[in-house]
Amino acid sequence: MSIAGSTLLQDGNYALSGWIWTPEATTSTVAKLNSEGEVIWDHIWDINFEYKQIIETPDSGIAICGTLDYGAIVKKFNSDGEEIYQWDFEFGYRSKLTGFLNDGDGGYIVAGWAWISNDSRDDFILFKVSAEGEIVWEEVFAQQRDQRCFAMTLLPDGGYMLVGSNLVD
């Protein structure tokens, strides 16, 4: 199993997300473990996408965000592991999502990079998802060279800092 996301929960347990690769298939997974590493609950899906980001929601649930070839998925679970919702988003471009935060209003802020233009250049992306599962806004930060967003953080003034790299030819 490849662990791509993990977080320490307020109750002292842990949440993990990732995927399992075999020559036959790739499956995605999310799990909640106690402090001794024993599985409290887990889910595995027979679908080829990667859950990279996992966060605890204000109501003690768990939300995960994953990348598809031309879109994204956000799933939310309550603290007992019951799926509350799944939101699917289709983009007109390939993306890798690497940042995922609660927005304070029941929605999420998501960051990453994408191949938007036809010149095979990577650009930073940032978008907000409402509590109803709709994309509220989306920003693309394009430069003349490849740039990849690897993480993000919330700033004290309510803004977001994206961290990544500019790839030089």
Side-chain angles (χ1 to χ4, degrees), residues 2-7 15-21 25-32 42-79 81-143 146-155 158-165:
S2 295
I3 302 297
S6 64
T7 191
L16 306 173
S17 64
W19 63 96
I20 302 166
W21 181 87
T26 301
T27 58
S28 299
T29 186
V30 62
K32 183 175 180 180
D42 67 346
H43 295 281
I44 298 174
W45 301 274
D46 293 327
I47 186 169
N48 187 8
F49 61 97
E50 301 170 357
Y51 279 117
K52 295 210 177 239
Q53 303 300 315
I54 188 165
I55 58 175
E56 184 171 17
T57 57
D59 61 0
S60 300
I62 295 169
I64 54 179
C65 182
T67 301
L68 294 169
D69 278 341
Y70 289 90
I73 293 177
V74 172
K75 283 184 182 262
K76 182 178 177 190
F77 301 88
N78 67 17
S79 61
E82 297 168 346
E83 185 175 319
I84 305 300
Y85 57 73
Q86 175 177 316
W87 297 331
D88 300 325
F89 305 100
E90 289 189 30
F91 304 130
Y93 49 82
R94 294 181 58 144
S95 63
K96 289 290 183 187
L97 304 178
T98 55
F100 188 48
L101 299 171
N102 291 305
D103 73 353
D105 295 323
Y108 306 98
I109 303 295
V110 184
W113 77 86
W115 301 273
I116 295 173
S117 60
N118 291 330
D119 62 5
S120 299
R121 186 183 68 235
D122 301 331
D123 296 315
F124 277 27
I125 59 170
L126 179 68
F127 61 95
K128 178 181 170 91
V129 179
S130 72
E132 293 76 34
E134 302 293 327
I135 293 180
V136 177
W137 51 259
E138 176 183 7
E139 293 288 333
V140 176
F141 303 95
Q143 298 291 318
D146 282 339
Q147 54 181 11
R148 294 184 176 173
C149 176
F150 295 120
M152 68 185 274
T153 191
L154 181 63
L155 298 174
Y160 309 98
M161 179 173 59
L162 305 180
V163 180
S165 69

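- When every heavy atom of Cys149 is checked against every heavy atom of Gly112, the shortest pair comes out as CB-O, 3.3 Å.
- Between the side chain of Asn102 and the backbone N or O of Gly104 there is no donor-acceptor pair closer than 3.5 Å.
- Side-chain contact between Met152 and Leu101 is present, with at least one heavy-atom pair separated by less than 4.5 Å.
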Item to check | From CA spacing to verdict: side chain to side chain contact (heavy atoms under 4.5 Å, CB included), Leu126, Trp137 | outcome: CA-CA 8 Å; Leu126 179 68; Trp137 51 259; 3.8 Å; yes

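- Residues Tyr85 and Phe77 place their aromatic rings such that the two centres sit no closer than 6.0 Å.
- By the 4.5 Å heavy-atom criterion applied to side chains, Phe141 and Ile125 are not counted as neighbours.
- For the atom pair OG1 (Thr153) and CD1 (Ile109), the distance works out to 12.5 Å, reported to the nearest 0.5 Å.
- Salt bridge absent: Asp42 and Lys32 never bring a charged side-chain N and a carboxylate O closer than 4.0 Å.
- Using a 4.5 Å heavy-atom cutoff, the side chains of Leu162 and Trp113 are not in contact.
- Glu132 has its side chain out of reach of Trp87: every pair of non-hydrogen atoms, C-beta onward, lies at least 4.5 Å apart.
- Taking 4.5 Å as the limit, every side-chain heavy atom of Tyr160 sits out of range of all side-chain heavy atoms of Leu155.
- Rounded to the nearest 0.5 angstrom, His43 NE2 and Glu82 CD are separated by 8.5 Å.
- The shortest side-chain heavy-atom distance between Phe100 and Ile54 does not fall under the 4.5 Å cut-off.
- Taking both residues in full, the closest heavy atoms of Cys65 and Val74 are given as SG-CG2, 4.2 Å, listed atom of the first, atom of the second, then distance.
- Side-chain atoms of Lys128 and Asp103, non-hydrogen and from C-beta on, do get closer than 4.5 Å to each other.
- Put simply, OG1 on Thr67 and CG on Leu97 are 3.5 Å apart, with the number rounded to the nearest 0.5 Å.
- Within the 4.5 Å cutoff, the side chain of Val110 has no heavy atoms near those of the Phe89 side chain.
- Going from atom CD1 of Ile44 over to atom OG1 of Thr29 covers 4.5 Å, rounded to the nearest 0.5 Å.
- The existence of a salt bridge linking Glu83 and Lys75 is confirmed by a sub-4.0 Å separation between a basic side-chain nitrogen and an acidic carboxylate oxygen.
- Between Asp123 and Arg148 no salt bridge is recorded (no basic side-chain N to carboxylate O distance below 4.0 Å).
- If you take OG on Ser17 and CD1 on Ile55, they are separated by 11.0 Å, rounding to the nearest 0.5 Å.
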Item to check | From CA spacing to verdict: ring-ring contact (aromatic ring centres under 6.0 Å, His included), Phe150, Phe124 | outcome: CA-CA 9 Å; Phe150 295 120; Phe124 277 27; 8.3 Å; no

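- Here the OG atom belonging to Ser28 is positioned 8.0 Å from the CD1 atom belonging to Ile64, to the nearest 0.5 angstrom.
- Residues Val30 and Trp45 approach most closely at CG1-CH2, 3.3 Å, considering heavy atoms.
- Of the possible donor and acceptor atoms, none in the side chain of Asp105 sits under 3.5 Å from a partner among the backbone N and O of Gly107.
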